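In what follows, a single structure is set out as structure tokens and then discussed.
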Amino acid sequence: MNNDNRYSSHNHHDYDDMYKLKHEHGITDEHGYHKDQHQVHHAGHDHSGDSGHDHHHGNFKELFLKSLPLGIIIMLLSPMYGFELPFQFTFPYSDIVVAILSTILIIYGGRPFYQGAVDEFKQKEPGMMALVSLGLSVSYLYSIYAVIITYVTGEHVMDFFFEFASLLLIMLLGHWIEMKAIGEAGDAQTELAKLVPKDAHVVLEDDSIEIRPVADLQVGDLIRVQAGENVPADGTIERGESRVNEALLTGESKAVKKGPGDKVIGGSTNGEGVLYIKVLETGDKSFISQVQDLISQAQSQPSRAENIAQKVAGWLFYIAVIVALIAFVVWMVIGDIPTAVTFTITTLVIACPHALGLAIPLVTARSTSLGASRGLLVKDRQALEIAQDADVMILDKTGTLTTGEFKVLDVELFNNKYKKEEIIALLAGIEGGSSHPIAQSIISFAEQQDIRPASFDSIDVISGAGVEGKAGGHRYQLISQKAYGRNLDIDIPKGATLSVLVENDDVIGAVALGDELKPTSKELIKVLKKNNIQPIMATGDNEKAAQGAAEDLGIEYRSNQSPQDKYELVKTLKDEGKKVIMVGDGVNDAPSLALADVGIAVGAGTQVALDSADVILTQSDPGDIESFIELAHKTTRKMKQNLFWGAGYNFIAIPLAAGILAPIGITLSPALGAILMSVSTVIVAINAILLNLDPKNNG
């Protein structure tokens, strides 16, 4: 019996509208998937920590650890700025030993900086690596010159090997810290990878089982998954029934009943039954692989703040070179060459923008990690920067603000000869066998009340009205209020659907069903209003259902919205100059998700969601939108603070290092310059680590 097309309170728009719209606006590929600047690129899974063109020249951990002994020996044998410290010592020809060790160190440890500088000059964008290379080169070359002159002339000339070694070690250590911080966001990828078993049980043509590595699975293979096992690959159930737990992947907390024809996601857990699954997707096309790519993409994508940081580094390069040249000329005129070189080297050492280089990556790494812990996959990091300036948030209703599941909200009695429990038993009995959401919600309600469904002799569908059945010589009908045709004097929850139970043409009971608001929806609306973001609910549901939910939340709404209508709503608001966040399910909301300044997809189970949204809420919880808004504000604030420390510090320190205040007795030595530079690096690192979200309120 199939009564699944009965008295629905929802106005469901055909998905053809969505695909028509997307093709009209040129935002799909030939498969109907969204295609724009956010398209997912399967770039493999090399998570070695590369965060941009500056940092792909070696393993900084290995470089630092192998360079450290050389650097320590050099610093022990070289006076700091000409002053021998208590832990330092020298011996005959120790300066030659230091020169040799420094040559080895600059060739080995300095390699990534010089390669990075070459890249920057090729792109005509000298920046951080160019500055570091310049500081290393000047201090090393002058020190070699000082050693040679000392032996040629017999007069001691001060070298800067200590400054050279300390600078190089600080740079390598800083980059290692940066790579480690950025790599932490890859933990989510590792955890996802653990969900997929290493081997699969492949069913051969003769029904025998072959154990095969998951990496060797082919599309079309039939695999067997026993109770309690994780599903090895995305596929469709061919045989068997079970409840499948997809909580870690989609955030759906309850195990979902699955049978032949239903799709399953690789990494989900099979419940009690044995399933035979036909493989649909493998490798980098699988759901888990695409989510891993999203995390990787989020790490490698430069944000506006990072672009600003790179530009600032470029300005610093030119400023440092110009100021250093001016300092050299001026101090050579009013002093001597050693003095001129001292101020020139100090200027170049202090100008190395390592703190600036760490300022943004450390914050974004911490931010991505925090987001993942709250079920937020930030696909486009610019979304965080844009979201804090948002004016409007458009929210889908079903599945976003509400549970998307029918629930029994109230049961009413109209005949004294029946008890409430008996009415519930009749309701559950007449709905027995139906897979319609309304029927399932009534049956579940009876189970929760420990009420056994009444036994019916026969049950038939009344087309377009409901269902009828016979039990104990009586004829019962469960029909929509519209089909009943008379008003019932009862109060039902706003937006609820009323079904009327009739016995021999007399009403004996009624059940109100509705799509409940999620527990965190009301709190989300409060947070949006507090942040001056106007919430608007846009739903395909009818006026009555939409009005009920909107009034409960106290927000503006649009009902009967097709994908085209939602798209036009976003377009209109953007044309008015407003920054718009769109929250939807990633399927029929795809066009508006793509058009909005920030698109947030609730649930991560669809390809369209992956392609069209900037942010994905894997746990389908409105409270996570609240976390996203908080994360956006706090991340942007930390970026600004770190840019201030990283860049502002340099702009002040460079003139000081050049000796602008020397006439009044204030100078900055290369050693002090290196120390101050490392202090600024530590400050931005600590500031980034202090980025945290408030404890989550689960209502």
Side-chain angles (χ1 to χ4, degrees), residues 1 3-4 6-10 241-243 245 247 252-257 271-272 398-399 402-462 466-481 483-484 488-504 506-519 521 545 548-549 552 698-699:
M1 180 181 73
N3 55 352
D4 289 358
R6 306 179 297 146
Y7 46 89
S8 173
S9 69
H10 298 279
E241 288 189 352
S242 182
R243 289 191 175 273
N245 189 330
E252 175 56 58
S253 57
K254 292 180 182 177
V256 182
K257 192 171 183 179
E272 67 275 5
T398 308
T402 65
T403 60
E405 300 171 1
F406 274 103
K407 287 191 177 179
V408 173
L409 304 179
D410 194 16
V411 175
E412 291 282 344
L413 301 180
F414 288 93
N415 191 312
N416 292 333
K417 72 176 183 178
Y418 285 103
K419 294 179 182 176
K420 191 172 184 179
E421 289 78 10
E422 292 173 315
I423 293 295
I424 295 170
L426 286 167
L427 289 168
I430 202 168
E431 290 286 26
S434 172
S435 60
H436 191 280
I438 287 180
Q440 289 300 309
S441 64
I442 291 172
I443 293 165
S444 296
F445 181 72
E447 286 176 359
Q448 289 163 14
Q449 306 287 319
D450 289 326
I451 296 171
R452 192 173 178 179
S455 180
F456 276 74
D457 300 322
S458 65
I459 301 172
D460 296 297
V461 175
I462 306 171
V467 63
E468 67 178 2
K470 289 180 181 177
H474 295 264
R475 183 171 61 90
Y476 296 94
Q477 291 180 321
L478 183 60
I479 54 179
S480 66
Q481 188 176 14
Y484 179 63
L488 296 172
D489 187 23
I490 57 171
D491 289 326
I492 63 170
K494 290 171 185 173
T497 297
L498 192 69
S499 296
V500 183
L501 182 64
V502 176
E503 179 193 14
N504 299 331
D506 291 324
V507 61
I508 58 171
V511 58
L513 302 111
D515 186 13
E516 283 188 325
L517 288 173
K518 290 181 179 177
S521 291
D552 272 356
N698 291 313

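The structure displayed is predicted, hence computed values, not measured ones.
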In this structure, CD1 of I508 is separated from CD of E422 (nearest 0.5 Å) by 9.5 Å

Report the C-alpha distance between F456 and L426 in whole Å, list the side-chain angles of each, state the deciding distance to 0.1 Å, and finish with yes or no for side chain to side chain contact (heavy atoms under 4.5 Å, CB included). CA-CA 9 Å; F456 276 74; L426 286 167; 4.1 Å; yes

| Is the closest side-chain heavy-atom distance between F445 and L427 below 4.5 Å? | no

Taking every heavy atom of V467 against every heavy atom of D460, the minimum-distance pair comes out as CG2-O, 3.1 Å

Taken to the nearest 0.5 Å, the spacing of K420 NZ from I451 CD1 works out to 9.0 Å

Heavy-atom closest pair (E431 atom, I442 atom, distance to 0.1 Å) is OE2-CD1, 3.8 Å

Residues L513 and S499: closest non-hydrogen pair is CD1-OG, 3.9 Å

Sequence neighbours excluded, the answer for side chain to side chain contact (heavy atoms under 4.5 Å, CB included) partners of A428 is A446, P453

One should read off an interatomic distance between L413 CG and K419 NZ, to the nearest 0.5 angstrom, of 11.5 Å

- Query: Under 6.0 Å from the CG atom of N416, do we count more than 12 heavy atoms belonging to anything else shown?
  - Reply: no

Heavy atoms of F414 and G509 approach each other most closely as CD1-CA, 3.7 Å

In this structure, CD of E412 is separated from CD1 of I423 (nearest 0.5 Å) by 11.0 Å

| Trace of the side chain to side chain contact (heavy atoms under 4.5 Å, CB included) decision for L498 with Y484 | CA-CA 10 Å; L498 192 69; Y484 179 63; over 6 Å; no

When V507, N504, V502 are each screened for side chain to side chain contact (heavy atoms under 4.5 Å, CB included) with Q477, the one that passes is V502

Value for OG1 (T402) from NZ (K518), rounded to nearest 0.5 Å, stands at 7.0 Å

The reported gap from CG in L501 to CD1 in I424 (rounded to nearest 0.5 angstrom) is 11.5 Å

